[in-house]
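For reference, the structure discussed in these notes is given below.
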Amino acid sequence: MGFWTTFYALSFYTATLILVLGLAYKIYQYAKTPAPLKVPTMPAPLTTGGVVVRVLMEVVLFQSLFRSNKWIWLFAMLFHAALWVVLLRHLRYFIEPVWFWVVLVQPFGKYGSFVMLFGLLGLLVRRLFVERIRYISSPSDYLMLILLLVIGGSGVMVSFVTHTDIVHFKAFMLGVMYFDWQPIPTDSILLVHLTAVILLMIIFPFSKLLHAPGVFFSPSRNQVDNAREKRHVAPWAIKQFESPPPVVD
Amino acid sequence: MAAKANFETPAFRPYPVIPILKPGAMKGNGPFVAKPPMQEALGFPGELIDNWHDVAIEKMGELLKKYRSLRVYLDACVKCGACTDKCHYMIGTFDPKNMPVARQDLLRQVYRRYFTLAGKWFPKLVGAKDLTREVLDDWYNYFHQCSQCRRCSVFCPYGIDTADISMAAREILDSVGKGQKYCNEIIAKVYKIGNNLGLPEPALRDTLEGLEEDIKDETGVDVRLPVDEEGAEVLVITPSADFFAEPHIDGLIGYAKVFHQAGISWTLSSSASEAANFSMFIGSYENMRRVALRIREAAINLKVKRIIFGECGHAWRVAYSFLNTLVGPFDFLDQRYPIPQHICEFTYDLIQKGALKLDKSANDHRRVTFHDSCNVARASRMGDMPGGQFIIPREVIKASCNHFYDMPADTIHDQTYCCGGGGGLLTDDLMELRVKGALPRMEALKHVVDNYGVTHMAAICAICKTQFAKVLPYYGFEMDQIISVHQLVSDAIVLSVDEI
Ligand code: HEM
Ligand code: HEM
Ligand code: SF4
Ligand code: SF4
């Protein structure tokens, strides 16, 4: 086994561990922390079903963002929608035989990459040139976009320019997954792509990318509006104030 | 009044442009700091303690464990910028730290530094900062330039609520001894006397008797304003401004007439003579609960069957969203009615049933618009469907007058702009902020004044009413153009003479 094969195989294990454990910890932390008060942004749904619809509208269509700012919404939508299609297309490196619908997604994923890059560039341009957004940006906010541009750009290069041997690469990927390592194709652009992806996986649970799990846990969006009908109390509040419980005469 | 101001009232904008930032425009020392006795009455240190740094960080850690909202909001922001032009204080002052995300960042930078790996290892990269005295002062200043109106949360893709974050920040500030005078003095007064204004029971009785006489003189009918009447059907909890200030008082008279017509007995309580619960503004669950407990006790002592809240915005938030949580369950009340109920819901139901006779023409000298108060619009509800809080007050107004016009769609309902004085900022030491923050609402009002000849703006919040009475003149309006919704009802209602 060559150095690069060992290096990337080990990096993938490490990055996957960090990503999975990191996200699991954050999700556990969000789930475990109580929301002691009813604070949905009103008007809010009156039923759990309604809340599911509300959260899905936020996750899939970015409903609030749409009301808020059409430009950001447009670029965000292009980027995220294309991202999902690209990721679905990627499934073919990890499964054998490739599922039928993943085959269908292939051309969309392939050209979706340009949409993704366009969306990212739009977001970057806004961040650089809209005074208010520049004011609130830290270096990490630019670097995150640049990292994603590097991933997307190198992916496009591999796909459209260098034409890396995908069969060869898939053997490596499956080998990593089933602990039966195979040599990695040492095409430099591909290695740039993989390095950047590994970096993204490691950063994910420590960065603002936590917006992805966060959106499901946001009390202002995921609470049912039923404060009058149903008493909602956090365990810590009961412990602090209501043991013993209040007596009503 | 406007001439005396040492700041400039913002000019109306010909069309809404996004302001160019003026960093530091509202930098300052913030509102007056609470005096030690007030602080101590609320269970906080009297003045800034020596080890404030450690205590503040510890408090932040505690809040992060208690409130999922805080944890998720501090993690999730992607700095997309969608909220940056949504805050009325940003629009009125151009200070970039009044952009909701920048306001959050004042807390977030410290969160990142002490509670996240990225901030511990690469502070510069992720904009993390040590908690220095300068940062603490910025907290005090800018978290008292947020009226906790939740407008930004409507527009954020994750619903990040700057109001929640500023409540947490104020709680941290209180815990190190740097509380705000206005809020904390008021809460201390509620504990001592029973209401925000420090109006003692005899004075309250006098006032109410005076009002009964006024109504009698004006209408010839004996309309009662009872206090501490055991066994009444309904306990009415209303902001104490209703007892003495214009235009609030005309709203109170309106409630009394509605009860009179409905033939439902009611009472005020001298021990819970205040709907407001300023403890929400300082984020203190403990104090919020203590203030709310008076209402539960009054209801039990007076053996009432229902609780109805008067026109008060944040009080309605606490009542609708938190009362059951804080001091419920209310199993001793009549379960057939919402617990608690809003006076507008009550009046609306009576109108629906045809139980009130309203002569709309009595208000023909008025052309009315309605200001949605933020805490009613974005933090609570009325009626049995989402958005009832927008419909019901408007229906009550429309049933009471012939000329009603809404302000532009992006300034009402859940997009409503704050009056500029909510969230514990209704104090003279923040006058500049209050005037500037009122700009978007004043522009919307001007629109309907110019286009439809609107003469009056009705509201259902004591803070809104007080704030508008003060700032309307700065924008060339008259202070009495702000009125209570139940003032319209009061003027339109046709009283029957037979006694209840
Ligand atoms: C549940 C899934 C997700 C939802 C609902 C979601 C939603 C959003 C929204 C509404 C924005 C704000 C608009 C914008 O600035 O683009 C945003 C920003 C962003 N998202 Fe996501 N996202 C999700 C998953 C992801 C994932 C998996 C990634 C990682 C690759 C990602 C990367 C980003 C980045 C980098 C930004 C900031 C863009 C900027 O700098 O302006 N998102 N996301
Ligand atoms: C373990 C993770 C990943 C692996 C092994 C991987 C591998 C690859 C490979 C081999 C290609 C070339 C495809 C071809 O030539 O047909 C590619 C393309 C691409 N990758 Fe990735 N990638 C990964 C993750 C990502 C992520 C997270 C993103 C986006 C943020 C991304 C974005 C792209 C894009 C936009 C292309 C070009 C379009 C396409 O051919 O699909 N990749 N990737
Ligand atoms: S809650 Fe209101 S006042 Fe506070 S930042 Fe948001 S929009 Fe501004
Ligand atoms: S809208 Fe929400 S996510 Fe976007 S910058 Fe503002 S607070 Fe952050």
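Since the model is a prediction, treat every value here as computed from it, not as a measurement. Throughout, protein chains are lettered first and strands after them, A, B, ... in sequence-line order, and every chain is numbered starting at 1.
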Do you know which of A:S207, A:P235, A:P40, A:A212 has the most heavy-atom pairs under 4.5 Å to chain B?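 So the answer, after comparing A:S207, A:P235, A:P40, A:A212, is A:P40.
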Chain B contact via [X] - which portion, at a heavy-atom distance below 4.5 Å:
X: A:K230; answer: backbone
X: A:L143; answer: side chain
X: A:Q63; answer: neither
X: A:R221; answer: side chain
X: A:V59; answer: neither
X: A:I136; answer: both
X: A:D225; answer: both
X: A:S137; answer: neither
X: A:E131; answer: both

State whether the side chain of [X] and the backbone N or O of [Y] hold a donor-acceptor pair below 3.5 Å, judged by distance alone.
X: B:R71; Y: A:Y30; answer: no
X: B:R68; Y: A:A31; answer: yes
X: B:K66; Y: A:A234; answer: no
X: B:T325; Y: A:H232; answer: yes
X: A:N69; Y: B:A82; answer: no
X: A:R127; Y: B:K79; answer: yes

Please determine whether side-chain contact (heavy atoms from CB on, under 4.5 Å) holds for the pair B:M288 and A:L37, giving the CA-CA distance in whole Å, both sets of side-chain angles, and the decisive distance to 0.1 Å. CA-CA 12 Å; B:M288 193 155 73; A:L37 294 167; 3.9 Å; yes
Measure distances from [X] to the heavy atoms of chain A and classify the residue's part below 4.5 Å as side chain, backbone, both or neither.
X: B:K86; value: side chain
X: B:A377; value: backbone
X: B:L117; value: side chain
X: B:T116; value: neither
X: B:Q389; value: side chain
X: B:M385; value: backbone
X: B:F330; value: neither

So that I can tick it off, tell me whether B:D331 and A:R231 are bridged by a salt bridge, with the cut-off set at under 4.0 angstrom between side-chain N and carboxylate O.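 No salt bridge links A:R231 with B:D331.
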Looking at side-chain heavy atoms only, is the closest gap between A:R228 and B:I339 below 4.5 Å?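 Contact flag for A:R228/B:I339 side chains = no.
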I would like to know whether B:L125 and A:S140 meet side-chain contact (heavy atoms from CB on, under 4.5 Å); could you show each step before the answer? CA-CA 5 Å; B:L125 188 70; A:S140 57; 4.3 Å; yes
Applying side chain to side chain donor-acceptor pair (under 3.5 Å) to B:D105 and A:Y135, what does each step give before you reach the verdict? CA-CA 11 Å; B:D105 276 350; A:Y135 182 91; over 6 Å; no
State the OG1-CG distance between A:T33 and B:L70, to the nearest 0.5 angstrom.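 If we round to the nearest 0.5 Å, A:T33:OG1 and B:L70:CG are 10.0 Å apart.
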Stepwise, does the side chain to side chain donor-acceptor pair (under 3.5 Å) test hold for A:S220 with B:S153? CA-CA 8 Å; A:S220 62; B:S153 123; 4.7 Å; no
Using ring centroids (six-membered ring only for Trp), state whether A:F206 and B:W121 fall under 6.0 Å.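 B:W121 vs A:F206: aromatic centres not under 6.0 Å.
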side-chain contact (heavy atoms from CB on, under 4.5 Å) between A:T41 and B:D161, intermediate numbers included: CA-CA 8 Å; A:T41 313; B:D161 184 0; 5.7 Å; no
